[in-house]
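Taking it in order: structure first as structure tokens, then the write-up.
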Amino acid sequence: VAGLPIVSPHGHTDPAWFAYDEPFPNPAELLVVPDHYVLRMLYSQGIRLEDLGVPRLDGGPVETDPRRIWRTVAEHWHAFRATPSRLWWEHALAEVFGVTERLTPQSADAIYDRIADCLTRPEFRPRALFERFGIEALATTEGALDPLEHHKAIRESGWKGRVVTTFRPDSVVDPDTPGFVANLEELGRITGEDTFTWRGYLAALAARRRDFMAAGATATDHGHPTAFTADLPPADAEVLFGRVASGRAQPRDSELFRGQMLTEMARMSLEDGLVMQLHSGVRRGHNAWMQKAFGANRGDDIPTRSEFVDNLKPLLDRFGNEPRLTLILFTLDETTYSRELAPLAGHYPALRLGPPWWFHDSPEGMWRYRQRITETAGFYNTVGFNDDTRAFPSIPARHDVARRIDCGFLARLVAEHRIDEDEALEVATDLAYRLAKQAYRL
């Protein structure tokens with residue numbers, strides 16, 4: 001299965017790369033500055049984010065010499081031993097840029113020069129790499145207020161690569177989002193709906209979903225703190241919305257409103273066919289100082305305990321038996337795999353399990369996932385693999401790791417005579433390719 005096309009149905013790569021196909025600027029901005037996995041490890045070792053070129057929100061001074069940033073990574077490369085970040089980096093260096101020498105303080109400049117030289121060539125521009133990587137389809141993720149101009153530029157460019165968007169409505173469904181009321185105003189401006197009435201607000205969200213579908217979207221994504229859902233009577237939902245939209249929300253209103261909106265989004269998905277994804281169970285921005293200084297996605301997000309059986313019940317009571325709905329669940333709490341998630345997905349037609357996510361996107365994490373999920377949910381209540389990355393050159397590496405781990409897991413089942421070899425080959429192909437296409441309707 002190593003040579004199968006890559007289906008990347010969920011991630012955070014920049015659609016502008018593919019819209020305008022401009023050269024990547026330099027090795028540091030390509031591989032270091034945007035990668036929160038790299039940032040968090042180096043920060044834990046006492047390296048300032050300013051020294052890694054991460055811009056400060058207050059415009060304060062940061063390192064602007066990409067070679068110095070690269071040298072800093074090389075000096076602390078030992079910190080990445082046995083981490084998936086090292087696997088991804090070294091795979092990208094070898095397979096993309098032809099660098100097989102280990103990154104050290106002594107080799108840093110030569111490796112930097114090799115990559116920098118590659119980035120000046122047409123075959124290392126985003127579209128060429130997309131085709132070289134064998135990517136059949138790639139989904140980016142944009143917020144509900146995004147103008148989607150880059151996706152429009154991709155379509156109008158005539159390029160044949162399939163890059164679609166994903167609808168991420170968090171900024172207009174989570175009352176705890178900074179500027180939530182202003183976001184509702186902007187949503188109204190974009191859609192022409194009165195977003196301070198419950199009816200107009202729901203109509204505006206439905207309109208934005210149609211805009212995203214016109215830009216190729218096949219899925220939505222919801223990054224909620226928990227998997228809590230609610231199914232309030234319409235009158236109660238309208239009263240709740242009135243409180244959160246006016247800034248008069250009570251302490252529990254935010255969670256209740258987020259839960260109600262997951263159920264509303266499930267209803268909309270039955271109407272328009274978009275697949276739902278729920279990424280829950282993470283305390284985003286745990287380091288208050290870092291959030292104030294640098295903003296989000298800087299490596300300070302921390303997993304939390306999660307609960308699904310009771311939290312999802314209101315949504316499942318209403319829509320869980322509906323095979324036309326696909327709700328893909330992700331978690332950072334591995335203790336829920338066999339206790340909650342596998343039994344739920346092994347029963348409800350609407351549920352599927354996403355692959356090991358974020359902190360568990362690793363060889364051991366993938367192996368634990370297969371061990372704890374498969375006996376109860378099987379393979380076909382999962383959705384294959386997605387890389388969920390901002391680091392474009394690591395996409396082939398991440399899929400390669402997932403395919404190797406899945407093939408190893410299947411080889412064990414064959415060796416123990418639990419499945420036949422022809423079945424294992426079919427499952428391996430499904431996990432690497434077919435399930436993602438099917439689940440995400442790509």
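These figures come from a predicted structure and were not determined experimentally. Side chains included, hydrogens not; waters and symmetry mates left out as well; all remaining heavy atoms used.
Using a 4.0 Å cut-off between charged nitrogen and carboxylate oxygen, R67 and D113 count as a salt-bridge pair. Comment: D51 engages R48 in a salt bridge, judged by a side-chain N to carboxylate O separation of less than 4.0 angstrom. The pair R258-E255 counts as a salt bridge, with a side-chain nitrogen and a carboxylate oxygen less than 4.0 angstrom apart. Ion pair R370/D406 flagged as a salt bridge, since at least one NZ, NE, NH1 or NH2 atom sits closer than 4.0 Å to an Asp/Glu carboxylate oxygen. Of the charged side-chain nitrogens involved, none lies within less than 4.0 Å of a carboxylate oxygen, so that R127 and E131 do not count as a salt-bridged pair. Under the 4.0 Å criterion applied to side-chain N and carboxylate O atoms, D400 and R403 are not assigned as salt-bridge partners. In this structure, E334 pairs ionically with R368, as a charged nitrogen and a carboxylate oxygen lie closer than 4.0 Å. Electrostatic pairing of R168 and D170 counts as a salt bridge here, judged by a charged N lying under 4.0 Å from a carboxylate O. One finds no salt bridge joining R40 and D300 here, because no Lys/Arg side-chain nitrogen approaches an Asp/Glu carboxylate oxygen to under 4.0 Å. For the pair D35 and R390, the salt-bridge criterion is not met [side-chain N within less than 4.0 Å of a carboxylate O].
Taking the ring centroids of F18 and F130, they lie under the 6.0 Å cut-off. Ring centers of H279 and H224: at least 6.0 Å apart, outside the cut-off. The distance between the ring centers of Y37 and W88 falls below 6.0 angstrom. F80 has its ring centre no less than 6.0 Å from the ring centre of W89.
In this structure the side chain of F385 never reaches within 4.5 angstrom of the side chain of P356, judged on heavy atoms. L145 has its side chain within reach of N183: a pair of non-hydrogen atoms, C-beta onward, lies under 4.5 Å apart.
Donor-acceptor pairing under 3.5 Å is recorded for the side chains of H151 and T140.
Scanning all heavy atoms of the two residues, the minimum distance from G295 to L57 falls at N-CD1, 3.6 Å. The minimum heavy-atom distance linking T263 with A230 is given by the pair OG1-O, 2.6 Å.
Other residues, nucleotides and ligands contribute over 12 non-hydrogen atoms within 6.0 Å of the CZ atom of R121.
Ring geometry for F392 versus W17: interplanar angle of 30 to 60°, hence tilted. The aromatic rings of F180 and F257 sit perpendicular to each other, their planes meeting at more than 60°, with 30° as the lower class boundary.
In this structure, the side chain of T141 engages the main chain of G11 through a donor-acceptor pair within 3.5 Å.
For the side-chain contact (heavy atoms from CB on, under 4.5 Å) test with S394, the passing option among D387, T389, L87 is T389; the others fail.
A cation-pi geometry, defined here as NZ or CZ lying under 6.0 Å from the six-membered ring centre and within 45° of its normal, does not hold between R102 and W77.
Judged as a side chain to side chain donor-acceptor pair (under 3.5 Å), and not counting sequence neighbours, the contacts of E50 are R56. The side chain to side chain donor-acceptor pair (under 3.5 Å) check on D333 picks up T335, with sequence neighbours excluded.
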